[in-house]
Amino acid sequence: MGTYPESGQPPNGEGSAERAPKSPTWASQARGLALASAPAALLAGIVILIVLAFLATLAFVGVINAVFILQRWPTAYLPLWSGPLWNSLFLTIASYLLGFAVAVPLGLVRAYGVGKTRNRIALLFYAPVTGYVHAIRGTPFFVQLWLVFFVVIEAAPRLNVLGWNVYFWAGLLALTLNTIGYQAEVFRGGFQAVGQGQVEAAKAVGLTGPQVFLHITLPQGLRLITLPLTNEFIALFKASTIVSYISVYELFVWAENLGVRFGHPIEGFLMISLYYLLINIPLSRAVTYLERRLRIPGLGTQPGGESFAFRFLGRGDETRRVASWSHAQPIRTRSGLRQASNGFAQVPTRSRGGLVPAGRQQPRDGDDDRPVPAGVPATTAASEPGLPAS
Amino acid sequence: MTMVRIRGLHKSFGSLHVLRGVDLDVNRGDVLCIIGPSGSGKSTLLRCTNLLIYPDQGDIFIEDVKVNSREVRPEWVRQQIGMVFQQFNLFTHLTALRNVMLGLVRVKGMDAAAARSKAEFELERVGLAEKKDAYPAQLSGGQQQRVAIARALAMDPKVMLFDEPTSALDPEYIHEVLDVMKRLAEEGMTMMVVTHEMGFAKEVADSIIFFNQGQIVERGSPEEIFDRPGHERTKAFVGKILR
Ligand SMILES: Nc1ncnc2c1ncn2[C@@H]1O[C@H](COP(=O)(O)OP(=O)(O)OP(=O)(O)O)[C@@H](O)[C@H]1O
Ligand SMILES: [Mg+2]
């Protein structure tokens, strides 16, 4: 009997693996640039050049003060352990991890509280958890933040624990409560995407319910949701700017201060934009790399051909995933079974909420349509309008 | 000696009365084949036998121990009953070897080294020693199903349940799975097999049950069921699948 390597995978998977070696040399990348993806790479290069040229022009005509940027650069992260960059990162990481811990059980409740094989305990909590998830996902984070803030301020106005004041705690709490709602849905999707047949097979071998979860559902579910979980982290990091509204000294406030105090708003916001990019892009690249390294045949997305240009821009996998979503349809395999060509393809039929594991698809409310700082009630301790612009 | 004894088994899903009083005995070392139309409750019967679902009424005995009782842990029962599914249901994230090892380590509590050699032995038995490091997606359907059989056998079950083990296979792979099952029967394994592979049933089964609408219509030797069925329903069904 023959063997069928990677049966059930689209044929493009193997070919592209050859084309894209694990650690491409500059020569091979240059060749790839020249041959395989010349048009896309050219386009990417042109776009980057245009942006750089635009910024250079702005600097040249004096709209952007390059000297100022270079001078102010370190103050965003110095001192390292209490600077605005650290605060932004800490708020994000802490709320993300807290949210993760709470979201796993909530995702379980959401996944197993309905359907034919529903679990009695999950059923008990299903209604409140579902209500919570809907409440979080259905209201703007901005509103949630103010609600949490006023509740905390009412309850414990003089709160000061671990050296953090009441504003910081309120911000952390709001971010955590928010990410719980989103992560719970990501986990629900991941758990539901694990085939019920495998759960049954594990039980038939004699595993207990918790063992089935630990050894089957969780490891498979986590592999299926690495991408949406990463997206959630990035979304949360960006959303952390909003807690500046309740006087938490993080990157946004720092940049705003530069504008208010020294009259350099463009420089400030350009600089923090760079900080967000410097963290988000490598992060998503690292996750993509890990995902590929830890990939298991037949589980999750397939490795696909991606052009040099898209890799260079750090957009390769996302772009490809969107493409593979659109033709994620069952394919005929050698075994005669119908399998999904992509690990998520089973989800839409199972979940009532649509393509759930894709995670947060849109920017958080309030993320984009925040008004310009002017006219905002005293958000920052350091906004002293009287200071002359430098 | 009776390995499996089922008495007065009833199971409903909501208003759907699926099992309507099933009485059944399977002796040690016997192979029982179950045939019957789709939706008649064959899978439900097997899944009740290893307590993947609990019957509403009736008793199930494995070696004279009543297993559907509050005092008996379902995991203890399932550990002694191997089950093979139509869709293989291998654990996607584990290699063939790890699929077989999981129950040995987590249920039987064996240490990794012992579990590994036992799992290698079981894979050898189904002719897949050299496929031990392959993931399920890298195996053909027939190979996947044989890994599934090895996974069940590794637990040293007293009974093996097969729920249409070859229905999802391309014709070219059916024989390799049936061969493994035949060898198992020759080795004296007690087996309950839902199948429509009449050749297999004729050759291997000690007795055959025709199952219809949640009840055993008729039980007999392969000759009795296939050549001179006693009931009209059996005759009609056998006529249809033998054609
Ligand atoms: N968990 C469940 N919840 C509700 N109804 C169920 C469930 N499992 C099975 N049924 C129903 O019970 C009936 C018998 O199902 P079962 O799977 O036992 O039939 P079967 O004889 O194995 O059929 P097939 O040959 O198609 O596999 C079917 O009508 C099925 O829809
Ligand atoms: Mg069935």
Side-chain angles (χ1 to χ4, degrees), chain A residues 1-10 13-14 116-117 120 190 193-224 294-300 302 331-343 346, chain B residues 13 47 50-53 73-95 98-100 102-108 127-128 130-131 134-145 148 151-152 154-155 157 161 167-173 176:
Chain A
M1 56 211 76
T3 60
Y4 303 95
E6 315 261 283
S7 70
Q9 286 187 18
E14 286 151 42
K116 263 193 201 169
T117 53
R120 231 177 279 145
V194 177
Q196 202 51 41
Q198 290 184 53
V199 171
E200 203 158 65
K203 280 191 190 162
V205 169
L207 270 71
T208 62
Q211 283 179 322
V212 174
F213 175 69
L214 203 63
H215 300 294
I216 308 296
T217 316
L218 191 63
Q220 288 195 30
L222 276 181
R223 279 196 175 79
L224 292 172
L294 302 177
R295 199 186 152 267
I296 287 171
L299 191 63
Q302 312 297 333
I331 53 167
R332 189 86 181 153
T333 65
R334 318 255 340 209
S335 65
L337 266 183
R338 293 201 148 260
Q339 285 182 348
S341 66
N342 146 338
Q346 323 167 27
Chain B
F13 294 111
R47 286 148 49 81
N50 72 347
L51 300 181
L52 278 177
I53 42 183
R73 284 175 56 237
E75 290 83 18
W76 179 80
V77 178
R78 292 179 197 139
Q79 182 185 342
Q80 308 180 58
I81 304 179
M83 186 156 189
V84 174
F85 302 85
Q86 182 175 358
Q87 302 293 344
F88 328 138
N89 294 345
L90 291 185
F91 309 131
T92 323
H93 64 305
L94 301 176
T95 60
R98 301 240 159 230
N99 262 276
V100 182
L102 185 69
L104 295 175
V105 174
R106 301 297 164 189
V107 180
K108 291 211 157 193
L128 287 172
E130 74 284 11
K131 287 283 165 201
Y135 285 98
Q138 296 167 321
L139 297 171
S140 74
Q143 290 170 334
Q144 288 190 56
Q145 193 61 298
R151 176 175 70 184
M155 302 300 289
L161 311 178
S167 313
L169 294 174
D170 279 351
E172 49 187 315
Y173 303 126
E176 66 188 50

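Lettering of chains follows the sequences in order, A, B, ..., and the numbering in each one begins at 1.
If you measure heavy-atom distances from A:Gln198 to chain B, the contacts under 4.5 Å come from both the backbone and the side chain. Using a 4.5 Å cut-off between heavy atoms, B:Ile81 touches chain A through its backbone atoms (N, CA, C, O) alone. Heavy-atom distances place the side chain of B:Phe85, and not its backbone, under 4.5 Å from chain A. In this structure, chain A has no heavy atom under 4.5 Å from any part of B:Ile53.
Between the side chains of B:Glu176 and B:Gln143, no donor-acceptor pair is found at a separation under 3.5 Å.
For B:Arg47 and A:Glu200, the salt-bridge test passes: some basic side-chain N is under 4.0 Å from an acidic carboxylate O.
Of all the listed residues (B:Val107, B:Thr92, B:Thr95), the one sharing the greatest number of non-hydrogen pairs under 4.5 Å with chain A is B:Thr92. Heavy-atom pairs under 4.5 Å with chain A were tallied for B:Arg106, B:Met155, B:Met83, B:Gln79; the largest tally goes to B:Arg106.
Remark: B:Arg151 qualifies as a cation-pi partner of B:Phe91 under the 6.0 Å distance and 45° angle criteria applied to the six-membered ring.
Looking only at distances, a side-chain donor or acceptor of B:Gln138 sits under 3.5 Å from a matching main-chain atom of B:Tyr135. Within the 3.5 Å criterion, the main-chain N or O of B:Arg78 finds no donor-acceptor partner in the side chain of B:Asn50.
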